[in-house]
Amino acid sequence: MTNTDHTGASDRSAAPGSTEATVAVVGGGAVGVTAAVDLAARGATVTLFDRDDLASGASGRAAGVVYDAYAAAVDAAVAARALERFRAFDRTLPGFEFAACPYVIAVREGDEDAEAMPELVDQMRDHDRDVSLVDPDALGGRFPLRTDDLAAAAVAEGAGWTDPTSYVVAMGDRARREGVTVETGSEVALGDGPTVRVDGAEREFDAVVVAVGAHTERLLATAGIDVPVKPYRVQALTSRVDYGGPMTYDATAGVYFRPHPTGLLAGDGTVPVEADPDGYDPEGDDWFVETVSETLRERADHDPEVERAWAGVCTATPDGDPLVGPVADGVFVAAGWQGHGFMRAPATGELLAEGVLASLSDDAATDSPWIEAFAPSRFEGDETFEITEGMSVRNRGD
Ligand SMILES: Cc1cc2nc3c(=O)[nH]c(=O)nc-3n(C[C@H](O)[C@H](O)[C@H](O)COP(=O)(O)OP(=O)(O)OC[C@H]3O[C@@H](n4cnc5c(N)ncnc54)[C@H](O)[C@@H]3O)c2cc1C
């Protein structure tokens, strides 16, 4: 990475304290809208920009699966906070609903990931996550799933699902109520330091938060900032046939599914090659529909009547962890979710708000809230790496 002081602190002596800060949030997905709300709630004057509408990126195409079944301490803590906020928003955020629903992880016989499951579940439990290893027969007794071919299974009780678009729209409305200026249809280019160019006009802020999802690498590169964040296609489909079982991840097939208002939603369909965020195919591939349909028949006795199949673009990093923090003087990034950015957005937005305001603060006593494991400075920016599927069992560990 270039051009960073690793703290994000503005080097301008007149940098204001947190309650006077002006912040541009670029990107109106789940992460950007949450950051905008949380910044405004802490007294910042916030402008939220999106080049299209809110939720026009990956957030508007996400499956809305939300869980806390993470083995690494930092991931478990972030997920726990996000879930806590989703549940609270269910009661307090008009237009948003969160449906509690257990999340099953199933690994088939012959899959070496089965051996890793007991230890992963122990780690999740060490972090107070309500996850249990279950005997496949007992799983079959509890849920309408085929389990006789499974070698290992676990159930995360604290999970649930929601409609990601409704979250972004509801948070966007809340942002406006908090006084955030929302400018949609406004494509942002980055200037020098915390300045943005919109419609040819340069606008200066105390901080700029870049939450542009698949466009992260491209947008930051225009300001001479290199980050290793690669876009790749991921797919989902909905079926009109009713499904009343739990959210399920068939780890061996690489397919997940959950209840959905039309019947069922299923997905993954990761295409592990770099995609063009401005030119990717937004339709679901035939192979994806076929393989998911087969897994649904096998695992849940669900013969899908496909209503819609689509693709969106997720972001990968060299180590599978996101980049959240400063990348230059007054410029901050949040990207690289490996397909898990929606479920973590309520915690990420809060982290961004606290991190940005702490970085701008003159108060030397302010502890840095940034999470070290997510520090953008851990990379040079020119790393080459393979894109890997984000939900796999192995990717949940340390
Ligand atoms: C099919 C599919 C299923 C998924 N399922 C899940 C799931 O079940 N659970 C989960 O946690 N995650 C899931 N994800 C991943 C999730 O969608 C993302 O991790 C998350 O939505 C990223 O949110 P974001 O706010 O960072 O980015 P985005 O939602 O992509 O938002 C970025 C925004 O930036 C805007 N933008 C881009 N460039 C500019 C610019 N120059 N100026 C102004 N605005 C700009 C875009 O218009 C966009 O609205 C899924 C993704 C896909 C594709």
Side-chain angles (χ1 to χ4, degrees), residues 24-36 47-68 78-79 82-83 86 103 159-165 167-168 171-172 183-190 196-199 208-220 222-223 229 231-238 247 249 256-258 260 265-271 275 277-278 280 282 284 288 308-316 322-324 333-349 352 390-391:
V25 176
V26 188
V31 175
V33 287
T34 312
T47 308
L48 172 65
F49 297 98
D50 199 286
R51 64 183 209 158
D52 295 311
D53 283 329
L54 301 185
S56 58
S59 299
R61 308 191 139 252
V65 173
V66 175
Y67 57 70
D68 58 355
V78 168
L83 260 165
F86 275 127
Y103 176 78
W161 56 270
T162 185
D163 170 19
T165 300
Y167 175 81
V168 178
M171 284 299 261
E183 299 189 20
T184 53
S186 299
E187 178 147 18
V188 165
L190 296 180
V196 300
R197 271 195 311 281
V198 187
D199 291 334
V208 175
V209 175
V210 176
V212 296
H215 289 88
T216 302
E217 198 176 55
R218 214 168 260 194
L219 180 59
L220 286 172
T222 63
V229 177
Y232 63 98
R233 269 174 89 244
V234 174
Q235 306 175 68
L237 61 78
T238 47
M247 299 199 293
Y249 176 51
Y256 64 85
F257 48 93
R258 69 157 172 90
H260 183 269
L265 183 152
D268 203 310
T270 295
V271 184
D278 292 311
Y280 73 96
F288 164 72
R308 183 184 158 226
W310 69 93
V313 183
C314 290
T315 48
L323 276 66
V324 186
V333 70
W337 314 113
Q338 297 278 163
H340 293 66
F342 175 73
M343 69 178 82
R344 293 188 273 191
T348 311
L352 279 166
M391 277 209 178

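When a ligand or atom number is given, it counts from 1 through the structure's own listing order.
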Quick check for you: to the nearest 0.5 Å, what is the distance between [X] atom [atom1] and [Y] atom [atom2]?
X      : Y      : atom1 : atom2 : value
Met247 : Phe257 : CE    : CZ    : 11.5 Å
Thr184 : Leu54  : OG1   : CG    : 6.5 Å
Thr162 : Met343 : OG1   : CE    : 12.5 Å
Thr165 : Asp53  : OG1   : CG    : 11.0 Å
Thr270 : Phe288 : OG1   : CZ    : 9.0 Å

Within the 4.0 Å heavy-atom shell around [X], which atoms of ligand 1 are there?
X      : answer
Gly57  : 29 (O), 30 (O), 48 (C), 49 (O)
His215 : 37 (C), 38 (N)
Gly312 : 53 (C)
Ala62  : 2 (C), 3 (C), 4 (C), 5 (N), 6 (C), 13 (C), 14 (N), 17 (O), 50 (C)
Val26  : 42 (N), 43 (C)
Arg61  : 1 (C), 2 (C), 3 (C), 52 (C)
Tyr256 : 3 (C), 5 (N)
Gly27  : 33 (C), 34 (O), 35 (C)

Can you tell which part of [X] has a heavy atom less than 4.0 Å from ligand 1: side chain, backbone, both or neither?
X      : value
Trp337 : side chain
Val168 : neither
Ser186 : backbone
Ala211 : backbone

State, with a plain yes or no, whether a side-chain heavy atom of [X] is found less than 4.5 Å away from one of [Y].
X      : Y      : value
Val196 : Thr47  : no
Val271 : Tyr232 : no
Tyr167 : Pro346 : yes
Pro231 : Arg218 : no

For ligand 1, which is the ligand I care about here, please tell me if [X] has any N or O atom under 3.5 Å from one of the ligand's N or O atoms.
X      : value
Ser59  : yes
Gly64  : yes
Val31  : yes
Cys314 : no
Met343 : yes
Arg344 : no
Leu219 : no
Ala334 : no
Ala55  : no
Gly339 : yes

Tell me, please: is Ala335 in heavy-atom contact with ligand 1, that is, under 4.0 Å?
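In this structure, Ala335 fails to qualify as a contact of ligand 1 - no heavy atom is under 4.0 Å.
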From atom 41 (N) of ligand 1, work out which of Thr348, Thr184, Val188, Thr222 has a heavy atom at the shortest distance.
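It is Val188 whose heavy atom sits nearest to atom 41 (N) of ligand 1.
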Test item: Arg61 side-chain N/O and Ala311 main-chain N/O as donor-acceptor pair under 3.5 Å
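A pair under 3.5 Å: yes.
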Check: Tyr67 ring centroid to Tyr249 ring centroid under 6.0 Å
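No, the ring of Tyr67 stays outside the 6.0 Å limit from the ring of Tyr249, centre to centre.
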Could you check, using the six-membered ring where one of them is a Trp, whether Tyr256 and Tyr103 have ring centers closer than 6.0 angstrom?
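No, the ring of Tyr256 stays outside the 6.0 Å limit from the ring of Tyr103, centre to centre.
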For Ser186, side-chain contact (heavy atoms from CB on, under 4.5 Å) partners two or more places apart
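By the side-chain contact (heavy atoms from CB on, under 4.5 Å) rule, Ser186 matches Phe49, Glu183, Val198.
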Evaluate the criterion side chain to side chain contact (heavy atoms under 4.5 Å, CB included) for residue pair Trp337 and Val31; output intermediate values, then yes/no.
CA-CA 11 Å; Trp337 314 113; Val31 175; 3.8 Å; yes
